[in-house]
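Report on one structure; see the data block that follows.
Because only heavy atoms are used, hydrogens play no part in the values below, and waters and symmetry mates are left out as well, while side chains stay in.
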Amino acid sequence: MCGIVGYIGSKKAKPILINGLLRLEYRGYDSAGVATIEKNGISVVKNKGRVAELEKLSAIDSLEGTIGIAHTRWATHGKPSTENSHPHVNGKKDFAVVHNGIIENYNELREFLLKQGYTFYSQTDTEVIPNLIDYYFSKDDKDDDKKVLRAVVSACSELKGSFALEILSTHLPDKMIVVRKDSPLVIGKTDTENYISSDIPAILSYTKDFYLLDDYEYVVLSKGSAEFYNSDLKPIKKQTVNIDWNASAAEKDGYDDFMLKEIHEQPKSIRETIGSRLSADGTCNIESLDFTKEYLNSLNKICIVACGTAMHAGLVGKTIFEKFCHIPTEVDIASEFRYRDPLINEKTLVVFITQSGETADTIAALKLSKQKGAKTLAISNVIGSSITREADYTIYTHAGPEIAVASTKAYTSQVVLISILAIYFAKLLEMKGKEIDALKDAILELPSKVEETLKCSKQIKCFAKKVYKEKDLFFLGRGIDYNVALEASLKLKEISYIHSDAYAAGELKHGPIALIEKDITVVSIMTDPNLVEKTISNVQEVITRGAKTLVITNQNLGDHKFDNIITIPETNPLISPILSVIPLQLLAYYISKEKGLDVDKPRNLAKSVTVE
Ligand code: M6R
């Protein structure tokens, strides 16, 4: 997905912009570009391909300016090409713009501007923006220091869709204007500089003090200051937020890939998620929630809404909410939920799970839930992300920055946090029972058990060498193990490009078993003592038909024989996904490595999906 970087200060902007773009590479992109304000006007250098291709252009060496904007583009409107890459300028080249998001009415605006004599050189939706700003700028008779800002505000009021914009103008050579609507943008500040980005990790090494922008807040940035205005051009006050992420957490720390590093960080990230929410003496508290027993008793249901891996974490949450809180719980894919007129009202609590906090469908589902009167609770990993500013309540996973596109540590932290949330609700509801206490103890033991589970790495690497050339793989499980099968299958698909499917083991004979033939690999997960015998029977059925098997288990399998078995530590079955997913994350990782693929930046995928 597109990424934005910007700088305004006393240093040369180019190296800072390039460094920021490199840190955004994980988001996925197909072209890159920068623009700086130079003595003789705006200089734009852009190229199709990686940032390395951009750096090869000789024009980039001549950029001396101390104010600059930069962009990595992930093609939506128009093919990946140099013309379509950002920054975009108007004909006179007195405005340059980089844009994340989608301008839905760009055709209309383009038609209008064509009639006014403007020319377009790209197929992008973005190119209307510098031209529209120019249009309003030229029509404004008043010549004061707010003229560019007025033109930007007028242009933005015409835009439909989502946007995060950085704007340079030769009419305002010491400044930069930025604004956002439904697309992330933050400003990192020091006493003498401002750093701008769509993603905090890209500029985390420069500062920890950030302005988090709300929709339609216009910011006029200069070297040491940031002035904020609303759409009526009235000044507004804005405080910085301290983002307590360690800059080195956004580095590879000696690992070959971010994904491998993030898999190995899980003992730590889980410890951080537990934090002081759960303690050995049995107390369970979640900061910033003020729910009461009466409120929870009044609920008609809980809906958990999310996308991809975050949705898989929600599936685990459903089982725990229903078991311990006795509240009916549904899990929905955000892109489905938002268009199916869900039956929710003021008696529904809707929980949104999102690592990035920027997923467009999840945010839209939250807005819909609020319109329908439901209470909304966001579980996010990114402090100040868009969803956290929309939700009634937010709780953070505190997993640290997750850079690899394939989500690993965010998933396990989401499962931990939703389990703690269920315990917290059960406590408010005065539900008592040994099982709740047992789950608390099991959660506290997780960091060391994850450490233990990671020791299967070598065994998994050997297995990956055996199967990496396969065309299809199947994952089976029952109950909570089926939820893990879904997550394992997604992980494998996204980074190895091997087709895979996950099935509830009991469903096999209702269709999928027709796909089983000699030497096909079937991976099964067996962690629930109540279901293990049932799943074993299903796996026997595929063995009879010639399948090769890998079993992930913490159960006694008796005399049953399987080709490969990975034994993981025992834990409470409700949270077993946190352990059983680890060998499967590693499996996807090592298969991808065997195939020589780019693990952290799989094709066609983006880390945060900020468009619908
Ligand atoms: O940032 P989010 O948690 O909202 O992202 C949701 C999905 O896009 C994400 O989990 C995606 O499925 C991952 N690439 C999976 O590894």
Side-chain angles (χ1 to χ4, degrees), residues 263-275 277-280 282 284 309 312-324 397 399 408-424 426 433-457 459-460 475-488 505 523-536 550-557 565-587:
I263 290 173
H264 281 89
E265 273 173 353
Q266 289 177 105
K268 179 167 177 267
S269 51
I270 290 171
R271 206 169 282 123
E272 299 285 324
T273 304
I274 299 171
R277 289 161 171 160
L278 216 56
S279 29
C284 172
T309 289
H312 294 155
L315 293 172
V316 182
K318 169 185 163 72
T319 308
I320 310 183
F321 276 132
E322 291 193 336
K323 189 169 174 70
F324 288 162
T397 40
T408 53
K409 64 175 181 171
Y411 168 81
T412 46
S413 281
Q414 286 160 350
V415 177
V416 168
L417 188 48
I418 204 143
S419 312
I420 296 176
L421 187 65
I423 294 174
Y424 170 74
K434 285 199 184 113
E435 280 185 276
I436 301 179
D437 292 336
L439 185 65
K440 274 189 215 165
D441 293 344
I443 293 175
L444 290 169
E445 285 170 0
L446 277 172
S448 61
K449 292 203 170 170
V450 170
E451 202 100 56
E452 186 67 28
T453 311
L454 283 164
K455 292 184 184 153
C456 71
S457 191
Q459 228 185 322
I460 289 285
F475 293 89
L476 297 181
R478 282 174 180 258
I480 234 156
D481 292 331
Y482 169 52
N483 302 159
V484 177
L486 289 167
E487 172 57 9
V523 180
S524 54
I525 305 123
M526 305 181 193
T527 66
D528 188 334
N530 296 321
L531 297 170
V532 62
E533 279 302 330
K534 300 272 175 211
T535 311
I536 288 176
L550 168 68
V551 175
I552 312 290
T553 190
N554 53 14
Q555 299 296 304
N556 180 355
L557 303 179
I565 298 177
I566 301 282
T567 307
I568 58 171
E570 268 192 67
T571 185
N572 188 307
L574 290 170
I575 50 164
S576 67
I578 295 161
L579 303 184
S580 58
V581 80
I582 288 170
L584 299 165
Q585 294 170 341
L586 288 164
L587 180 64

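Looking only at side-chain heavy atoms (C-beta outward), I552 and T527 stay at 4.5 Å or farther from each other. In this structure the side chain of L439 reaches within 4.5 angstrom of the side chain of I320, judged on heavy atoms. L586 places a side-chain heavy atom less than 4.5 Å from the side chain of C456. A 4.5 Å side-chain heavy-atom check between I443 and I420 finds at least one atom pair inside the cut-off. When side chains are defined from C-beta on, P447 counts as touching I274, because their heavy atoms get closer than 4.5 Å. With a 4.5 Å cut-off on side-chain heavy atoms, L579 and N554 do not count as touching. Inter-residue side-chain proximity for L454 and H264 is flagged as met; some heavy-atom pair is nearer than 4.5 Å. With contacts defined as side-chain heavy-atom distances shorter than 4.5 Å, the pair L584/I525 qualifies.
Ion pair D437/K434 not flagged as a salt bridge, since none of the NZ, NE, NH1 or NH2 atoms sits closer than 4.0 Å to an Asp/Glu carboxylate oxygen.
In this structure, the side chain of E445 does not engage the main chain of A442 through any donor-acceptor pair within 3.5 Å. Listed for the Q414 side chain is no donor-acceptor partner under 3.5 Å among the backbone atoms of H312. Listed for the D528 side chain is no donor-acceptor partner under 3.5 Å among the backbone atoms of P573. With T553 contributing its side chain and M526 its backbone, the two residues share a donor-acceptor pair below 3.5 Å.
Atom OH of Y424 and atom CD1 of I436 lie 14.5 Å apart (nearest 0.5 Å). Here I568 contributes atom CD1 and I565 contributes atom CD1; the two are 12.5 Å apart, rounded to the nearest 0.5 Å. Put simply, CD1 on I270 and OG1 on T412 are 4.0 Å apart, with the number rounded to the nearest 0.5 Å. Here the straight-line distance linking atom CD of E265 with atom CZ of R271 works out to 12.5 Å at 0.5 Å rounding. Remark: N530 CG to R478 CZ distance equals 12.0 Å, nearest 0.5 Å. Rounded to the nearest 0.5 angstrom, I582 CD1 and Y411 OH are separated by 10.5 Å.
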Margin query: Show, in sequence, the C-alpha distance, side-chain angles and deciding distance for L486 and L315, and conclude whether the side chain to side chain contact (heavy atoms under 4.5 Å, CB included) test is met.
Written below: CA-CA 10 Å; L486 289 167; L315 293 172; 3.7 Å; yes
Step-by-step side chain to side chain contact (heavy atoms under 4.5 Å, CB included) determination, V484 to F475: CA-CA 9 Å; V484 177; F475 293 89; over 6 Å; no
Notebook entry, point to check: Between L557 and V551, is a side chain to side chain contact (heavy atoms under 4.5 Å, CB included) present by the stated rule, with each step listed?
Noted result: CA-CA 10 Å; L557 303 179; V551 175; 4.1 Å; yes
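Side-chain contact check for T408 and Q585: no donor-acceptor pair (N or O, by modelled atom type) lies under 3.5 Å.
Listed by chain and number, the residues in a salt bridge (Lys or Arg N to Asp or Glu O under 4.0 Å) with E533 amount to none (sequence neighbours excluded). For S419, the side-chain hydrogen bond (donor to acceptor under 3.5 Å, both in side chains) criterion is met by no residue, not counting sequence neighbours.
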